[in-house]
There are 2 protein chains.
Amino acid sequence: MNQAAAIARFEALASAVRLDVYRLLMREGPGGMVAGEIAAALELAPTNLSFHLKCLSRAGLVTVVQEGRYQRYRAHLPSMLEVLTYLTEECCGGAPELCAELATFSARLGAQAGKRG
Amino acid sequence: MNQAAAIARFEALASAVRLDVYRLLMREGPGGMVAGEIAAALELAPTNLSFHLKCLSRAGLVTVVQEGRYQRYRAHLPSMLEVLTYLTEECCGGAPELCAELATFSARLGAQAGKRG
DNA sequence: ACAATAATTCAATAATTGTTGTAGAGTTGA
DNA sequence: TCAACTCTACAACAATTATTGAATTATTGT
């Protein structure tokens, strides 16, 4: 993961609308939601939601698949794992035992992400 | 943790300068760095660095303590834990076993944060 | 083919954020 | 007290981001 990709993901979550959308999709889990459902749940204008969904998907934080005339969105856990790994790379140069714990945590989140797709 | 605080933290990391600073402080670990050292390491103008450090500290991602005429900055792990918890609250409503794994991960990062202060 | 539905793209406007230079507040050591 | 040093506060300019409405693309069912 490079710096530009990490910034795109932080920018994506640095907006009230997008943070609400992402957390909603997190709560919804593997089933995901179609755009209209998200708009109804958060009371957003379709145009505005579309703008923010595109931002989230371009950042890699959510995935989209077309279902007929609907677009189904899902939170994408592996991309969050990548961000956390990027943040904590070479962490605690003077205290390597802490880094071992981070590695363990990453492995756990990674295993979970595998189940979600 | 509320939405506004979470947004402040994502905004804080959604800038190349601040992301570099945060990762540098992460690598440096508990010892932290004074502003001048950070400026030298990243080749930043003092005024500009000060602006970004304030943003990071107001967001709670770094801590500052005064040491004589120096200001020492350190990455603050508990605030990162809070953000992750906020993101994954009520995660995977339809698959509770995944949430159990997230709880485990949070506990681990929490224990680590305790050592760092 | 047609009308209805779902979602996006585009263009215009409003609002926010980043960078730079100058000045100033606090600390140190003689 | 004075000069040197570290860092921050303020103001001005440049650049980016968010929201809205109208129009467009694509799909469904009759």
Side-chain angles (χ1 to χ4, degrees), chain A residues 3-25 28 31-76, chain B residues 3-25 28 31-76:
Chain A
Q3 190 204 52
I7 289 173
R9 289 176 191 179
F10 287 120
E11 277 178 350
L13 294 173
S15 139
V17 170
R18 293 190 296 264
L19 189 51
D20 286 347
V21 170
Y22 186 77
R23 296 215 314 150
L24 179 61
L25 290 175
E28 200 62 22
M33 294 175 81
V34 301
E37 291 172 342
I38 300 171
L42 301 178
E43 297 183 357
L44 295 167
T47 300
N48 196 18
L49 175 61
S50 187
F51 170 82
H52 290 296
L53 283 172
K54 186 176 178 181
C55 181
L56 283 165
S57 62
R58 287 182 71 91
L61 289 174
V62 305
T63 60
V64 204
V65 297
Q66 184 162 355
E67 294 184 356
R69 68 182 114 178
Y70 301 90
Q71 302 284 322
R72 181 166 297 273
Y73 288 87
R74 294 181 174 88
H76 189 243
Chain B
Q3 190 204 53
I7 289 172
R9 288 176 193 180
F10 287 121
E11 277 178 349
L13 294 173
S15 138
V17 170
R18 293 190 296 265
L19 189 51
D20 285 347
V21 170
Y22 186 77
R23 296 216 312 152
L24 180 60
L25 290 175
E28 199 62 21
M33 293 176 79
V34 300
E37 291 171 343
I38 300 170
L42 301 179
E43 298 183 356
L44 294 167
T47 299
N48 195 19
L49 175 60
S50 186
F51 170 83
H52 291 296
L53 283 172
K54 184 177 179 182
C55 181
L56 283 166
S57 61
R58 287 182 71 90
L61 290 173
V62 306
T63 60
V64 203
V65 296
Q66 183 160 355
E67 293 183 357
R69 69 182 112 177
Y70 303 90
Q71 303 282 322
R72 182 166 297 273
Y73 289 88
R74 293 181 175 89
H76 187 243

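The structure displayed is predicted, hence computed values, not measured ones. Labels below follow one simple rule: chain letters A, B, ... track the order of the sequence lines, proteins then strands, and each chain is numbered from 1.
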Closest to side chain of [X], choosing from [options]:
X: A:Gln66; options: C:dA7, D:dA26, C:dT27; answer: D:dA26
X: B:Phe51; options: C:dT19, C:dT8, C:dA6; answer: C:dT19
X: A:His52; options: C:dA7, C:dT19, D:dA18; answer: D:dA18
X: B:Val17; options: D:dT19, D:dT6, C:dT19; answer: C:dT19
X: B:Ala35; options: D:dT17, D:dC7, C:dT27; answer: D:dC7
X: A:Asn48; options: D:dT19, D:dC7, C:dT8; answer: D:dT19
X: B:Val34; options: D:dC7, C:dT8, D:dA4; answer: D:dC7
X: B:Leu53; options: D:dT20, D:dT8, C:dT17; answer: D:dT8
X: A:Arg69; options: C:dA6, D:dA18, C:dT28; answer: C:dA6

[atom1] of [X] versus [atom2] of [N]: gap in Å, rounded?
X: B:Leu44; N: C:dG21; atom1: CG; atom2: P; answer: 14 Å
X: B:Leu42; N: C:dG18; atom1: CG; atom2: P; answer: 16 Å
X: B:Leu13; N: C:dG18; atom1: CG; atom2: C1'; answer: 16 Å
X: A:Leu19; N: D:dA18; atom1: CG; atom2: P; answer: 13 Å
X: B:Gln71; N: C:dT27; atom1: CD; atom2: P; answer: 10 Å
X: A:Leu56; N: D:dT17; atom1: CG; atom2: P; answer: 15 Å
X: A:Ile7; N: C:dT17; atom1: CD1; atom2: P; answer: 16 Å
X: B:Leu49; N: C:dG18; atom1: CG; atom2: P; answer: 14 Å

Check your understanding: Mapping A:Glu11 and B:Glu37 to their closest nucleotides on DNA chain D, which lands nearer the 5' end?
Key ->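 In this pair, the answer is B:Glu37.
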
Exercise for review: Tell me which of B:Lys54 and A:Ala14 sits closer to the 5' end of DNA chain D, going by the nucleotide each one is nearest to.
Suggested key: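 So the residue in question is B:Lys54.
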
Review point. Do any N or O atoms from the side chain of A:Arg18 and from the backbone of A:Glu11 form a donor-acceptor pair under 3.5 angstrom?
Key: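 Checked: pair present.
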
Check your understanding: Is a donor on one side and an acceptor on the other found under 3.5 Å between the side chain of A:Arg9 and the backbone of A:Ala59?
Key ->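 Yes; at least one donor-acceptor contact below 3.5 Å.
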
Student check: side-chain heavy atoms of [X] and [Y] closer than 4.5 Å:
X: A:Leu42; Y: A:Val17; result: no
X: A:Leu53; Y: A:Val21; result: yes
X: B:Leu24; Y: B:Met33; result: yes

Practice item. Report yes if at least one side-chain N or O of B:Tyr73 is closer than 4.0 Å to OP1 or OP2 of D:dT6; otherwise report no. Key: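 Indeed not, no polar side-chain atom of B:Tyr73 lies that close.
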
Check your understanding: With respect to the phosphate group of D:dT8, does any side-chain polar atom (N or O) of B:Tyr70 fall under 4.0 Å of OP1 or OP2?
Key ->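 No, outside the criterion.
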
Exercise for review: Identify whether any heavy atom of A:Arg18 sits under 4.0 Å from a base atom; if not, whether one sits that close to sugar-phosphate; answer base, sugar-phosphate or nothing.
Suggested key: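 Touches sugar-phosphate only.
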
Practice item. Kindly determine whether A:Tyr73 and A:Ile38 satisfy side chain to side chain contact (heavy atoms under 4.5 Å, CB included), including the steps that lead there. Key: CA-CA 9 Å; A:Tyr73 288 87; A:Ile38 300 171; 4.2 Å; yes

Check your understanding: Could a donor-acceptor pair under 3.5 angstrom be found where the side chain of A:Thr47 meets the base of D:dT19?
Key ->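 Checked by distance alone, the answer is no.
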
